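Structure record follows, encoded as structure tokens.
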Amino acid sequence: MGTEGEKENIELEDGIRTNDIGSSSNSVVKVPSGKPAKMQDQNESEKSRKRDDSKYTVPFYKLFVFADSTDIILMILGTVGAVANGLALPLMTVLFGNLIESFGGASDIHDVVHRVSKVALEFVYLAIGSGVVSFFQVACWMATGERQAARIRNLYLKTILRQEIGFFDKETNTGEVVERMSGDTVLIQDAMGEKVGKFIQLTSTFIGGFAVAFVRGWLLSLVMLATLPPLVVAGGVMSTVVSKMASRGQAAYGKAAAVVEQTIGSIRTVASFTGERHAVNKYAESLKSAYSSSVQEGLAAGLGLGTVMLFFFCGYSLGIWYGAKLILDKGYTGADVINVIFAVVTGSFSLGQASPCMTAFAAGQAAAYKMFQTINRKPEIDAYDTRGKKPNDIQGDIEFRDVYFSYPTRPDEQIFHGFSLFIENGMTVALVGESGSGKSTVVSLIERFYDPQAGEVLIDGINIKEYQLRWLRGKIGLVSQEPVLFASSIRDNIAYGQDDATTEEIRAAAELANAAKFIDKMPQGIDTMVGEHGTQLSGGQKQRIAIARAILKNPRILLLDEATSALDAESEHIVQEALDRVMTNRTTVVVAHRLSTVRNADTIAVIHRGSIVEKGSHSELLKDPDGAYCQLIRLQEMNKEPDNTTGPDHDKSDIGDSGRRSSKKLSFTRSVSRGSSKGQSSGHSFQMALGMPIGIDIQASTTEQRNNLETEVPPQEQKEVPLRRLAYLNKPELPVFLLGSIAAIVNGVILPIFAILLSNVINAFYEPPHTLKKDSKFWSLLFLVFGLLSLLALPARSYFFAIAGSKLIRRIRLMTFEKVINMEIEWFDKAENSSGTIGARLSADAAAVRSLVGDALALIVQNTATMVSGLLIAFLANWQLSLIILALIPLIGLNGYIQVKFIKGFSADAKMMYEEASQVANDAVGSIRTVASFSAEEKVIKLYKEKCEGPLRTGMKQGIISGMGFGISFFLLFCVYATSFYVGAQLVEDGKTTFGKVFRVFFALSFAAIGISQSSSIAPDSTKAQSATASVFSILDRKSKIDPSDDSGMTLERLKGNIEFRHVSFRYPTRPDVQIFQDLCLAIHAGKTVALVGESGCGKSTAISLLQRFYDPDSGQILLDGIEIQRFQLRWLRQQMGLVSQEPSLFNETIRANIAYGKEGQATEAEIIASAELANAHKFISSLQKGYDTLVGERGIQLSGGQKQRVAIARAIVKDPKILLLDEATSALDAESERVVQDALDRVMVNRTTIVIAHRLSTIKGADVIAVVKNGMIIEKGKHETLINIKDGAYASLVALHSRASS
């Protein structure tokens, strides 16, 4: 029996080796969002948080809180299967002992066959039993893991959506939620799925192994036990060190992921300010620490394994030496000794193999901690709370009584102190005041997004805290400044207002909001997709859909937060009419900068610094010429413009219309790729302990495949990439590879030589006493020597390959990022290139490629060495037997292969499906205010559940298939043993070979088989890596059509700034059916200001995008100083232009860094302050607590619209551009800031060629030329005075619309 055992353990040993290396290499993969995946070792970074890190994990049994009765039955079945399966190996060691006894102890050679065939039959029985139970083990655990993870996902989304808005401001952001749902649930599933089965199996092997050992020979077993503690300690220390390193790498990579997200999310800003190099350097910086930690991780893993191997060989050495003594003194037989050694080794190895399971459990418990903490969090303001009053209807009296409030993120900046306001039902109250004065805060408090710190908000004289929140929100319609649409159809977006709305009602609401006309023009009408964040629509169109959505609810109270700000005069006029119709006999609160929208209000309240300084109707307030209202009006009059447009329509991260890209596909943005979290499951090769180790890793490869469902981007364009190219990328590390390969070869040869030692030992045990004594000493010493050898070779191998792999990963990430960031803007318009997908590609693909180069390559070299030497030894010992055994081995290989194929079939669609599901979550969390105000939480959850159904079923199917494969491979494994020994016995009987040689052949081949099976265990890995490489190279090989990194092209010493558009035609590549420009001609003289006006969607902003070469025109030319802009060096061209766009995208850094960005971060302090002063931003920046070091938050969310805009203007001014492009630059400002910013702009515009785009005519009157754009051509141009006098001219009618709107 011994023989098998040792093989088995060896193989185990190799199993451990792969697992660990696997897990180390792969833990790098988990990275993308650097969430604390293994929290306990993150305490460095997390210690600063309030809780102590001991509480960071959930007790293990708690993971199963959400199991239902079916799950419990499945778990019981799976456990029974796992226990039985675990006992198979110890039983096998017993059979093995009997086998040796029948060979060695046979009285005469003819007796051998009879005795051996009896044992062979027992092997067959074992094969059948273990095949069946292993099926149950895998299938049941995989199915229940899949089911429970789905349940946790749903619960998590549900609780996230019911949290109060303050929670989103403080605790979390969209990326994190999506990452938790896609990443952390995978970790949790990993911890509660088949890993549990594997762990139970290994535990039962451990207990069974020792039970067998003590029964067969207790004394030897006790002595052998001495080798256990060091083994366990070495394994334990190694896994903690490795996981520490991994989490360090993760944290480092989290920074890099943030850089990617931000850069690609605001790619237009990056391009416009030539910030590409800046971003690449930042990215490179963040990759450095990830590199060093992954190298250390490799070294640590190697050292740990080396130590484990050393102890393992020592154990053998001790067992052989002491066993020989016992044979001489205590009457043990050779078979007993071997059986005990094998049983002990089997048992202890199974403990070692449990370590990946432990890591998975720890990671799952840590991931669950954060998730369960959220699931159990009681929201301070709970939308699901059914308690609370629900009167039949409300009158709509709103009162603020002595309210004190500050935002949870900035508790030290009081917004309201002692704010009081009464709004009578059916009245319209307008709130006016400068930007940042707290107007929108009033709206948030009425919606109960926040609760005031003191004082109360009453509706109908009852504190709103007493109403049931869902009911209350159902009575309130909100139209906000930046309407948030969801990535679905227009119909769905409007129906958010009311679940069971009929198409008629939806159409009616659209009619009322004046949206019906443009909806009908859309290609799919009401079923047109709006794109992520509604990027397919213009500001005005989005706003009208948002209004329709509010109207559909038929609310008692209507809150309009700058509702018409983003519209041009024409749409505004109509929307305003629609609103007036809707506002009748509803209590309406209007927040506006624009006084025209406010005049007809019953009461106007002027808010200044969080308190009301004046209130009354328009005419009353005008009576006090020194009042705040009059001052506001005067400010606006000074702008000669009654009607003052405001408001970025939304944070779409791209500039103006050019952002209206329609990708018909849903944008799968941020589908944080599931690969991101594949962490643990890497190559835990599933070898059975004793056995022809080809227990091909079915299991491991399946889970891995499932988790990594590749981050593939549509495959149609990817060609196979020869590995040659990859190797070429890694060329600089050639010497490192050579050193690593030498170490790997040494490692590989150790195993087959081990086979020789073992068969000699078995022989020696049946020799006469004096030879036995001498030989046993010699062999036991040899074992020690081998132990030391592997202590050196293993760390060397894993360290060298880790260096090579990590360098490659760093190189690929950098190259890809550099390439991506220099792509033309059109490329980013495609849904599959959103910031989330790119981020996922950078993290997951690079890691997959690395697993190919680092770990896989090391294994291939090592296994080749094992195979060659194994075959050699076997054939030298006895070629007939070797051939027969060789013929049987492929049976097992075939089974493993079939299974991998099977799984390949399912994995891809499940990934896409989960991706769609996380898109749903992403949308909802990103627009949580909208979801909350429309009480659409249930709706989102229902949608999410539907999207998860498919992947869930797929996962179950996969479990059954994996289980079958797993069972069959066990069955074949034991059958092969039975056959080979039976044949060996026949040969011995015929005198063709000796008993020692049979074992030598058997061991040598088994070890060779281990080698082969491990190479095949990385096969799924290599397919993954191939698709990853293909995806990486598809980016690297793509030529950017408009490449900022390309330094060819001319530059001018002095640019005058003459611009000419000659017969330009253009349509957006994502919407080829919409012609934006047809034959547009326009000349702009140096130093002059040209204003483009026209209705929303006519292509005004497109002109700016073309000028900056975000796109190239389809025909015609754009000339700068008479030279075609294509001929200039692109970076230089963009440096000559300063862009201030309607929705400035700021980076999540300090205000100082954001301004300095204009000069690629090279601006001096003096320049920064000077440009901030010019942009009239210095005052508000200095008044902030941290001044220029204030962080602006994700997308600049911590600043008010006007403040963001001024920072953006400062950023444009810092680069001192020759050409200034203002795309609705002042639209988001209130009258006061607008005047000052407009002043600043006027100062800046001097001697610069300026292109102004505005809805608002005040900003335009002073322009040298005004050009009216309609249907993609310029239909009128000239000065304000000239154009206004053309009877029925386009400009004159726009002006007329305005004055009508304003009166």
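What you see is a predicted model; the values in this text were computed from it and never measured.
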In the structure I gave you, are the side-chain heavy atoms of [X] and [Y] within less than 4.5 Å of one another anywhere?
{"X": "Lys475", "Y": "Asp393", "answer": "yes"}
{"X": "Phe449", "Y": "Glu164", "answer": "no"}
{"X": "Ile464", "Y": "Leu458", "answer": "no"}
{"X": "Asp451", "Y": "Arg448", "answer": "yes"}
{"X": "Asp68", "Y": "Arg147", "answer": "yes"}
{"X": "Lys615", "Y": "Leu421", "answer": "yes"}

When you look at CG of Asp412, are more than 12 heavy atoms from neighbouring residues, nucleotides or ligands closer to it than 6.0 Å?
->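 For Asp412, atom CG is crowded (more than 12 foreign heavy atoms under 6.0 Å).
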Please report the closest heavy-atom contact between [X] and [Y], naming both atoms and the distance.
{"X": "Ala932", "Y": "Ile165", "answer": "CB-CD1, 4.4 Å"}
{"X": "Leu74", "Y": "Ala143", "answer": "CD1-CB, 4.2 Å"}
{"X": "Val457", "Y": "Val403", "answer": "CG2-CG2, 4.4 Å"}
{"X": "Ile612", "Y": "Ser420", "answer": "CD1-O, 3.5 Å"}
{"X": "Val432", "Y": "Ala592", "answer": "CG1-O, 3.6 Å"}
{"X": "Ile494", "Y": "Leu552", "answer": "O-CD2, 3.3 Å"}

Say whether, by atom type as modelled, one donor and one acceptor occur between the side chain of [X] and the main chain of [Y] under 3.5 angstrom.
{"X": "Arg162", "Y": "Glu937", "answer": "no"}
{"X": "Glu399", "Y": "Ile459", "answer": "no"}
{"X": "Gln468", "Y": "Arg387", "answer": "no"}
{"X": "Glu505", "Y": "Thr502", "answer": "yes"}
{"X": "Thr144", "Y": "Trp141", "answer": "no"}

Checking side-chain polar atoms at under 3.5 Å, does [X] have a donor or acceptor matched by the opposite partner on [Y]?
{"X": "Thr441", "Y": "Tyr407", "result": "yes"}
{"X": "Asp169", "Y": "Thr409", "result": "no"}
{"X": "Asn425", "Y": "Thr587", "result": "no"}
{"X": "Arg470", "Y": "Thr386", "result": "no"}
{"X": "Glu447", "Y": "Ser444", "result": "no"}
{"X": "Gln395", "Y": "Asp460", "result": "no"}

Can you tell me how far apart [atom1] ([X]) and [atom2] ([Y]) are? Round to the nearest 0.5 Å.
{"X": "Asp602", "Y": "Thr428", "atom1": "CG", "atom2": "OG1", "result": "5.0 Å"}
{"X": "Ile519", "Y": "Ser489", "atom1": "CD1", "atom2": "OG", "result": "10.0 Å"}
{"X": "Phe416", "Y": "Gln414", "atom1": "CZ", "atom2": "CD", "result": "10.5 Å"}
{"X": "Met427", "Y": "Ile398", "atom1": "CE", "atom2": "CD1", "result": "12.5 Å"}
{"X": "Arg544", "Y": "Ile490", "atom1": "CZ", "atom2": "CD1", "result": "10.5 Å"}

Taking it one step at a time, do Ile446 and Phe400 satisfy side-chain contact (heavy atoms from CB on, under 4.5 Å)?
-> CA-CA 9 Å; Ile446 295 176; Phe400 282 73; 3.6 Å; yes
Answer with yes or no after comparing the ring centroid distance for Phe372 and Phe66 against a 6.0 Å cut-off, counting only values under it.
->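 So the answer is yes for these two rings.
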Phe419 and Phe405: aromatic ring centres closer than 6.0 Å?
->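 No: the rings miss the under 6.0 Å criterion.
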Gln163 vs Arg377, side-chain hydrogen bond (donor to acceptor under 3.5 Å, both in side chains): CA-CA, chis, key distance, verdict = CA-CA 8 Å; Gln163 300 306 328; Arg377 183 176 187 276; 2.5 Å; yes
Go through the steps for Ile941 and Leu161 under the test side-chain contact (heavy atoms from CB on, under 4.5 Å), then give the verdict.
-> CA-CA 9 Å; Ile941 290 166; Leu161 292 178; 4.0 Å; yes
If you draw the axis of the six-membered ring of Phe934, does the NZ or CZ of Lys553 fall within 45° of it and under 6.0 Å from the ring centre?
->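 Positive - Lys553 is close enough to the ring of Phe934 and near enough to its axis.
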Can we say Lys439 and Asp561 salt-bridge, meaning some charged N sits less than 4.0 Å from an Asp/Glu carboxylate O?
->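 Asp561 and Lys439: not salt-bridged.
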Run the numbers on Arg491 and Thr503 for side-chain hydrogen bond (donor to acceptor under 3.5 Å, both in side chains), then give the verdict.
-> CA-CA 8 Å; Arg491 172 202 303 269; Thr503 311; 3.1 Å; yes
